[in-house]
Number of protein chains: 2
Amino acid sequence: MRNRNGTFGVAVKLSENSGLALWHGVLVAGLRGDLPDLTTRQQALLLHVYLSPPPHTVRGLAATLNMSKPAVTRALDRLGRLDFVRRKRDEADKRNILVQRTVKGAVFLREFAELVARTAADIPTDTAAG
Amino acid sequence: MRNRNGTFGVAVKLSENSGLALWHGVLVAGLRGDLPDLTTRQQALLLHVYLSPPPHTVRGLAATLNMSKPAVTRALDRLGRLDFVRRKRDEADKRNILVQRTVKGAVFLREFAELVARTAADIPTDTAAG
DNA sequence: AGGCTTTGTTGCGGAACCGGAACGGTACCT
DNA sequence: AGGTACCGTTCCGGTTCCGCAACAAAGCCT
């Protein structure tokens with residue numbers, strides 16, 4: 001079965017109500033936990049850097065994430081302070097900044113992924129087939 | 001099969017990587033769309049009101065969502081301005097205010113749920129069993 | 001009635017965020 | 001070398017958010 005993004009695989013089955021419940025559970029668990037609370041844009045940026053193929057430039061991120069360049073710069077500042085992401089000058093074109101992953105960022109995302117999976121496991125499927 | 005929350009049903013199967021991909025996809029789609037961008041706490045509050053059984057008081061919400069009372073009040077102000085939620089004095093104990101759902105809020109949440117489901121459908125399962 | 005507790009709201013200072021515009025640094029082009 | 005285009009950052013003004021503390025209103029209790 002071919003998915004819309006062009007890859008192959010079995011689609012994740014998730015009914016609408018389950019999706020809401022999942023989102024709810026993860027958000028609440030996130031607020032309880034001591035993880036740093038990131039802005040929606042910061043979250044999106046972080047995930048995008050880790051889940052989309054490089055290279056990631058400021059301008060590119062701003063375009064695909066639909067935010068202004070200054071917003072991207074500031075988000076990188078914050079994520080950099082948290083050591084979740086790192087800036088590196090592009091030696092080929094020294095105007096560009098390449099956003100790179102870090103070990104600490106990978107650890108954080110793995111923990112977050114476990115939180116999502118754990119939350120999902122607690123949600124009963126209402127109409128299952130989605 | 002009994003879930004941790006006490007209800008019955010088949011658990012949502014979601015591998016860790018799929019969870020991250022889902023979160024990423026929804027966040028990015030949300031930034032692109034014209035939906036009002038709510039704070040993490042505002043999202044959590046809204047979802048909690050709609051997915052958890054009433055009654056919902058300010059103090060109760062503050063406790064379960066782990067945020068200060070003023071933060072709840074202001075979140076209610078914003079969600080109320082958006083007509084996603086409504087305040088109602090508790091006639092039994094006039095100190096309390098009961099947070100109630102609205103039609104517009106329900107519509108918004110349904111659209112959001114569809115977005116989640118649609119995004120999930122595009123994610124190939126990597127190791128399927130979660 | 002008087003005092004005490006509880007509930008939600010508001011004031012206040014501080015911090016974070018956003019977008020538009022201006023800026024320095026780099027690349028390209030003639 | 002000079003001019004132009006592009007990239008990321010910084011500056012600026014305005015908005016939003018947060019928590020703590022103080023507050024009015026309502027209940028409770030003797």
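In what follows, chains are A, B, ... by sequence order, proteins preceding strands, each numbered from 1.
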Students should find that the nucleotides of DNA chain D closing off the region near chain B, any atom under 4.0 angstrom from a heavy atom, are dC17(D) to dG27(D)
Give the rounded distance in Å between these two atoms: [atom1] of [X] and [atom2] of [N].
X: Asn96(B); N: dT9(C); atom1: CG; atom2: P; value: 11 Å
X: Leu76(A); N: dA16(C); atom1: CG; atom2: P; value: 17 Å
X: Gln43(A); N: dC17(C); atom1: CD; atom2: P; value: 13 Å
X: Leu45(B); N: dG8(C); atom1: CG; atom2: C1'; value: 14 Å

Phosphate OP1/OP2 of dG8(C) contacted by Thr73(B) side-chain N/O (<4.0 Å) = no
Below 4.0 Å: OP1/OP2 of dC17(C) and any side-chain N or O of Gln42(A) | yes
Under a 4.5 Å side-chain heavy-atom rule over Ile, Leu, Val, Met, Phe, Trp and Tyr, are [X] and [Y] clustered together?
X: Leu65(A); Y: Leu79(A); value: yes
X: Val49(B); Y: Leu82(B); value: yes
X: Leu51(A); Y: Leu27(B); value: yes
X: Leu35(B); Y: Leu109(B); value: yes

Looking at Pro36(B) and Phe108(B), what are the two nearest heavy atoms and their distance?
-> CD-CE1, 4.1 Å
Hey, what do you get for CG (Asp83(B)) to OG1 (Thr102(B)), rounding to the nearest 0.5 Å?
-> 5.0 Å
Ring geometry between His56(A) and His48(A) (parallel below 30°, tilted from 30 to 60°, perpendicular above 60°) | perpendicular
Got more than 12 heavy atoms from elsewhere within 6.0 Å of CZ, Arg32(B)?
-> yes
Assign a letter to each nucleotide of nucleotides 19-30 of chain C from its 5' end: B, base within under 4.0 Å of a protein heavy atom; S, sugar-phosphate only; -, no contact.
-> BBB---BBS---
